[in-house]
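The chains referred to below are lettered A, B, ... by the order of the sequence lines, with proteins before strands, and numbering in each begins at 1.
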2 protein chains.
Amino acid sequence: MPTIFDVARRAGVSKTTVSRVLNHPELVNEETKRRVRGIMEELSYTPSILAQGMRAQRTKSFGVVIPDFKNLYYAEFLEHVEIAARHHGYIAIICSTDIDPDREREYITKLIMRQVDGLIMCWYKSVTANRDFLVKLAKKLPVVIMDQPSQGLPVSSVYTDGFKGIGRLTKYFIENGHRKIAIIRSLKKYPVGNSRYEGYAAALQKQGLDIDEALVVESEWTAEGAFEATGRLLAGAEPTAIIAVTDLMALGVLKYLKDNGYDVPGEIAIAGFDDISVSSLVSPRITTVAQPVDRMAWEAAQQLIRRIENRHVRNRDIELENRLIIRESTKQPVEDEVTG
Amino acid sequence: MPTIFDVARRAGVSKTTVSRVLNHPELVNEETKRRVRGIMEELSYTPSILAQGMRAQRTKSFGVVIPDFKNLYYAEFLEHVEIAARHHGYIAIICSTDIDPDREREYITKLIMRQVDGLIMCWYKSVTANRDFLVKLAKKLPVVIMDQPSQGLPVSSVYTDGFKGIGRLTKYFIENGHRKIAIIRSLKKYPVGNSRYEGYAAALQKQGLDIDEALVVESEWTAEGAFEATGRLLAGAEPTAIIAVTDLMALGVLKYLKDNGYDVPGEIAIAGFDDISVSSLVSPRITTVAQPVDRMAWEAAQQLIRRIENRHVRNRDIELENRLIIRESTKQPVEDEVTG
DNA sequence: ATTAATTATGGTATCGGTTTCATGAAAATG
DNA sequence: CATTTTCATGAAACCGATACCATAATTAAT
């Protein structure tokens, strides 16, 4: 790899001049500039970010930590985070932890060693239960937490209100005559899933319905987990509607119902959360609470970069609106209907 | 962020000794070592990879360029590439180009600026049509191309034989009585899709069937593209089976057929390629030619890292076997059946 | 014509590590 | 006891860039 010194020698100038051609071209003689640029082209010289970063103490990169590539919600998130990063001249370094806490710590350490300028974390775990860790981390570099509010910690956050979203969905079911509405919730240690569950519980109570424990089952954050959970649910109850706390899980529910000959939505209606693209690629298309993942990604990157580039920018909790999208999995096919 | 100098001062030693504690601990006095390690812990010191990389001329990282996060084939690939990278102490820097050639070049340049030690590229474009570019690139760092052979270029490659895979699938259809087998192929500029198409064409001819142009339609590499292409296909032909050159596209085909009241596989059977996880999450589950994406990712990373760490390792073309998995989209539900 | 301002360029320190070489002290050898 | 090893450590060079300061050559101003 050619260095700035190689270019300088070939052009018969000092490396200072070469550097100036790139960073302060107005200070360099036209003729020299042309010559140096020619040599750069010829050697296909690109300055080393390592050296630049060392000098400038920033790398124009930030880390993105997600639990799982295969969850399309994160895939879509990454797509947009990357666009935002690129737009600001940054590069996103993406790590998937596979929901393994050890890997998570390891990756965070690695990202810090690489001197990323900031960190976006899709964190399913409790923010408060990891208070010390996050406080320590946030001292080192700006942090944005996705999908849950910062709860007073020194980080920014971007999320939608899962409580409200599932609440609206539950209300929709009730208004359409459902009385036995089941929910496939996530394990209780995951606050993101918990607030969605609580939205369900609160909506039921508001409409004067009791929570039937037989209609509540826990599941892993996967389609397979939800598939299996649906089996458990139907062994002990006869719901007319099933809410899954993510679309990926709703896919698992749908699979179970179809495999076992249930008519959806005729016998059992289903709904999810996130609005991942496959939700409208399956039949019936799945009713869901859509998160504006493109805007969420954009806001997260924007807020992070602002904080990186100006230390006076303060942490913010950025709440975006989710919205209920009614599709065929909860009624007979007509046009999509957007509520809220 | 504490530096090696901070640790050295606090421990009352030189930075050389601190460095030695990390890299050649056997050369350091036990007592000193303990003291230095204590300070490191206390300051939560992590050496800067920037500085290390600058000295060592390697960053223990490699770039991965994919066209699209949302294609689950790549998502699954990334999952496994990352595991392999981690296993070898490397970090994968992932970039998605969104099938935009400008972004692709830009990212490759950026990765080189970041001094990645190697590059894995999921390249849908023609290798030979980009010969000059790839030759130039391969001079700078080891490169592994996915999904197509290297065609004599100075890069390694990892792929399965799409020609053979789709050939087997086509033969299966013919043996099961299908005579009007349609194919949703990709645009002709993409060689990965082309060889799959050719496998279809060759299999038909081998079984004495002619290629009916009305049964061949082109589509973008997306579910939406295939959805639309299926509409075009069915406007001018009445196939009893449809092959899509990827599972993602097969999902689009399935959607179109279901939306338009076709019985799958009763009226029209469908099949795809890749075996992404959602293929068995939809109903009917989709028959496909499975690529061993986990092993492909592992081999790619392994070969790349070998070449990075030992300049005498030569480029290799690594062909892995794909296999036909028969599911309900081509026959009535029973157990999965694996052929070839 | 002399001084001041402008223009173009180079020398050198710096960022945070690793490595080579040098050095002094302690231990082992003859 | 003198000499050679071994052990423990530090000083300095280097990796590739940027930025500050210095300087020489013009050009402009008085």
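For B:Asn23 and C:dG16, the CG to P distance is 17 Å, given to the nearest whole Å. One can place CE of B:Met1 at 10 Å from P of C:dG16, the figure rounded to the nearest angstrom. Atom CZ of A:Arg55 and atom P of C:dG16 are 10 Å apart (whole Å). One atom, CZ of A:Arg9, and another, C1' of C:dG10, lie 17 Å apart when rounded to the nearest Å. The CG atom of A:Leu27 sits 14 Å away from the P atom of C:dT6 (whole-angstrom rounding). When the P atom of C:dG10 is taken as reference, atom CZ of A:Phe5 falls 12 Å away, rounded to whole Å. The distance between atom CE of B:Met40 and atom C1' of C:dG16, rounded to the nearest whole Å, is 13 Å. What separates CG of B:Leu22 from C1' of C:dG17 is a distance of 10 Å, to the nearest Å.
The distance from the CG atom of B:Leu111 to the CZ atom of B:Arg114 is 8.0 Å, given to the nearest 0.5 Å.
No engagement by B:Val18 is indicated, since no non-hydrogen atom pair under 4.0 Å with the nucleic acid exists. Using a 4.0 Å heavy-atom criterion, one finds that B:Ser48 contacts the sugar-phosphate atoms exclusively. A:Thr3 comes within 4.0 angstrom of the backbone, heavy atoms only, and of no base.
Side-chain polar atoms of B:Gln151 and B:Thr128 form no donor-acceptor pair below 3.5 angstrom.
Heavy-atom distances to DNA chain D give each of A:Leu50 and B:Gly12 a nearest nucleotide, and the one nearer the 5′ end belongs to B:Gly12. Each of A:Ala51 and B:Val13 has a nearest nucleotide on DNA chain D; the 5'-most of these lies closest to B:Val13.
Residue side chain A:Arg20 reaches the base of C:dG10 through a donor-acceptor N/O pair under 3.5 Å, judged by distance alone.
Using a distance-only test at 3.5 Å, with no hydrogens or angles considered, no donor-acceptor pair links the side chain of B:Thr59 to the main chain of B:Gly53. Remark: the backbone N or O of A:Phe62 is not paired with any side-chain donor or acceptor of A:Asp117 at under 3.5 angstrom.
Protein chain B contacts DNA chain D over a range whose 5' and 3' limits, counting nucleotides with an atom under 4.0 angstrom from a non-hydrogen atom, are D:dA8 to D:dG16.
More than 12 heavy atoms of other residues, nucleotides or ligands sit less than 6.0 Å from atom NZ of A:Lys140. For B:Phe133, the CZ atom is densely surrounded, since the number of other residues' heavy atoms within 6.0 Å is greater than 12.
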Can you give me every donor-acceptor pair (side chain of residues 83-90 of chain B, partner residue at least two apart or in another chain, under 3.5 Å) with its distance?
residue : atom : partner  : partner atom : Å
B:Arg86 : NH1  : A:Glu106 : OE1          : 2.4
B:Arg86 : NH1  : A:Glu106 : OE2          : 3.4
B:His88 : ND1  : B:Ala84  : O            : 3.0
B:His88 : NE2  : B:Gln302 : OE1          : 3.4
B:Tyr90 : OH   : B:Glu309 : OE2          : 2.8

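Contact between the side-chain N/O atoms of B:His24 and the OP1/OP2 oxygens of C:dT19 is found at a separation under 4.0 Å.
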